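Residue numbers start from 1 in every chain, and the chains themselves are labelled A, B, ... in the order their sequence lines are given, proteins ahead of strands. Predicted, not measured: the structure shown is a model, and the values here were computed from it.
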Protein chains: 2
Amino acid sequence: MKFSTKGRYGLRAILDMAIYQNSGPITLNSIAERQGLSEGYLEQLMAPLKKSGIVKSIRGAQGGYILAKQPKDITTGEIIRALEGPIAPVGCVSEDYPEECERAEGCVTRMVWAKVRDSIAVTLDSLTLQDLVEESKKQTEKGHYMYYI
Amino acid sequence: MKFSTKGRYGLRAILDMAIYQNSGPITLNSIAERQGLSEGYLEQLMAPLKKSGIVKSIRGAQGGYILAKQPKDITTGEIIRALEGPIAPVGCVSEDYPEECERAEGCVTRMVWAKVRDSIAVTLDSLTLQDLVEESKKQTEKGHYMYYI
DNA sequence: CTAAATCCTTATCGAATTAATAAGGTTTCT
DNA sequence: AGAAACCTTATTAATTCGATAAGGATTTAG
């Protein structure tokens with residue numbers, strides 16, 4: 001039961017953007033360097049993030065990516081869903097198109113998974129990028145360098 | 001971000017046992033039949049469940065498995081951990097032996113994952129097998145046959 | 001107008017994980 | 001003694017994951 005590197009790296013990348021956004025677009029190259037991630041892999045993460053309206057891209061020289069919304073209006077849930085798909089600890093309780101199952105109606109274990117799904121969703125949806133930026137500032141003041149993982 | 005069939009099938013198997021326990025051990029064969037699972041695969045699930053003190057086995061003819069504790073004293077968290085390992089949406093926040101990470105100290109995204117881990121753990125740990133048995137009775141009264149998935 | 005910087009897309013590949021089966025062994029009851 | 005059941009390990013096919021590669025498209029700067 002793990003999130004893949006898509007969600008993990010993607011969240012780091014977006015937080016990186018939120019922290020370093022001040023003037024002009026941010027290149028994948030600079031994110032990759034700061035975060036120790038591969039630029040090629042980051043490129044693949046940007047496609048769904050763009051599609052979900054979380055980032056915008058600016059092509060050409062001096063181009064890069066910018067956040068499409070204010071950090072306070074972007075939740076971690078949004079980011080994770082863009083990268084990992086709907087939250088679904090098991091297929092039959094997927095947020096989007098749950099898998100069919102003959103006896104889903106009276107299924108007791110299914111209720112367990114639905115509760116798990118909801119608890120994950122509530123947690124991720126109640127955290128905004130702004131929250132993370134502020135936490136990051138606190139940590140920097142404490143002398144800790146940066147988020148990782 | 002999915003639980004594997006180990007956790008899903010295992011939870012069904014244990015709930016099946018809780019419902020059908022009355023006198024004498026329950027054979028894997030009968031669980032497999034009722035639940036539509038393969039007996040061979042169930043065998044593999046029983047090893048860790050036994051090791052975790054959730055079930056006991058009785059060997060030989062007329063043998064089978066019985067719950068090692070009362071349903072009210074078995075949580076879904078226990079069962080899932082026995083089968084899937086420690087709850088850990090990402091390695092660095094594993095309940096058991098979190099993976100090392102240079103900058104774990106000031107890591108902001110790590111805090112996100114820790115919250116996710118805790119919300120899953122609280123959900124699973126606050127549900128007992130007894131709760132599921134009762135829910136199952138309710139569902140049966142409503143005319144729904146059984147849990148599945 | 002050309003070169004460089006950057007985003008964009010698709011293909012490929014090895015490694016790891018998963019789900020399941022198979023096969024044979026051990027224990028205990030009748 | 002033989003059958004019923006648990007027990008353990010090995011194997012395998014399929015899938016997913018993480019990453020790299022390669023080449024294309026767009027825009028800016030000079």
Side-chain angles (χ1 to χ4, degrees), chain A residues 1-14 17 20 23-33 35-52 54-68 80 83-85 88-91 99 149, chain B residues 1-14 17 20 23-33 35-52 54-68 80 83-85 88-91 99 149:
Chain A
M1 216 290 300
K2 289 235 170 65
F3 286 90
S4 77
T5 53
K6 282 184 196 162
R8 312 215 302 271
Y9 294 178
L11 186 55
R12 275 168 65 186
I14 296 293
M17 288 181 65
Y20 287 99
S23 52
I26 302 170
T27 65
L28 288 189
N29 184 283
S30 73
I31 299 176
E33 223 169 82
Q35 295 292 328
L37 300 173
S38 120
E39 187 177 347
Y41 200 43
L42 276 179
E43 281 176 343
Q44 291 180 56
L45 306 185
M46 288 298 144
L49 288 168
K50 204 177 146 184
K51 207 171 160 188
S52 306
I54 294 168
V55 304
K56 280 183 192 166
S57 67
I58 296 164
R59 299 183 73 159
Q62 269 62 50
Y65 289 90
I66 56 173
L67 294 179
I80 298 303
L83 293 162
E84 304 258 349
V90 321
E99 286 163 16
I149 282 287
Chain B
M1 218 290 297
K2 289 234 169 66
F3 286 90
S4 75
T5 52
K6 281 184 196 162
R8 311 214 302 272
Y9 294 177
L11 186 54
R12 274 169 62 187
I14 296 293
M17 288 180 64
Y20 287 98
S23 54
I26 302 170
T27 65
L28 289 189
N29 185 283
S30 72
I31 300 176
E33 222 169 82
Q35 296 293 327
L37 301 172
S38 117
E39 187 177 347
Y41 199 43
L42 276 179
E43 280 176 346
Q44 291 180 58
L45 306 185
M46 288 299 143
L49 288 168
K50 206 178 142 180
K51 206 171 158 186
S52 304
I54 295 168
V55 303
K56 278 184 194 166
S57 66
I58 294 164
R59 299 183 71 162
Q62 268 61 50
Y65 288 91
I66 56 172
L67 294 179
I80 298 303
L83 292 162
E84 304 259 347
V90 321
E99 285 164 16
I149 279 287

Given C/dC7, D/dA3, D/dC6, which nucleotide is nearest the side-chain atoms of A/Leu28?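 Per side-chain heavy atoms of A/Leu28, the pick is C/dC7.
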Nearest to the side chain of B/Tyr65 - C/dC7, C/dC29, D/dC6? D/dC6
[N] base to [X] side chain: any donor-acceptor pair below 3.5 Å?
X       : N      : value
A/Gln44 : D/dT20 : yes
B/Glu43 : D/dC7  : yes
A/Arg59 : C/dT6  : no

So A/Met1 and B/Lys2, do their side chains get closer than 4.5 Å, heavy atoms only?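 A side-chain contact under 4.5 Å is absent here.
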Should A/Ile26 and A/Ile31 count as side-chain neighbours, where that means a heavy-atom distance under 4.5 Å? yes
Classify the nucleic acid contact of [X] as base, sugar-phosphate or nothing, counting any heavy atom under 4.0 Å across all strands shown.
X       : answer
A/Ile26 : sugar-phosphate
B/Leu42 : nothing
A/Gln62 : sugar-phosphate

For A/Ser38 and A/Tyr41, indicate whether the former's side chain and the latter's backbone hold a donor-acceptor pair under 3.5 Å. yes
Can you check whether A/Thr27's main-chain N or O pairs, donor with acceptor, with A/Ser30's side chain at less than 3.5 Å? yes
Does a nitrogen or oxygen in the side chain of [X] sit under 4.0 Å from OP1 or OP2 of [N]?
X       : N      : result
A/Ser38 : D/dT20 : yes
B/Lys50 : D/dC7  : yes
A/Ser57 : C/dT6  : no
A/Tyr41 : D/dC17 : no
B/Thr5  : C/dT18 : no

Whole-Å distance between C/dC8 P and A/Glu39 CD?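 Atom CD in A/Glu39 sits about 12 Å away from atom P in C/dC8.
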Nearest-angstrom distance from the residue atom NZ of A/Lys2 to P of D/dG18: 11 Å
Between A/Gly60 and A/Phe3, just flag the one whose closest nucleotide in DNA chain D comes earlier from the 5' side.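 First, find each residue's nearest nucleotide; the 5'-ward one identifies A/Phe3.
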For a side chain to side chain donor-acceptor pair (under 3.5 Å) check, start with the C-alpha distance between B/Ser4 and B/Tyr9, then their side-chain angles and the critical distance, and finish with the verdict. CA-CA 9 Å; B/Ser4 75; B/Tyr9 294 177; over 6 Å; no
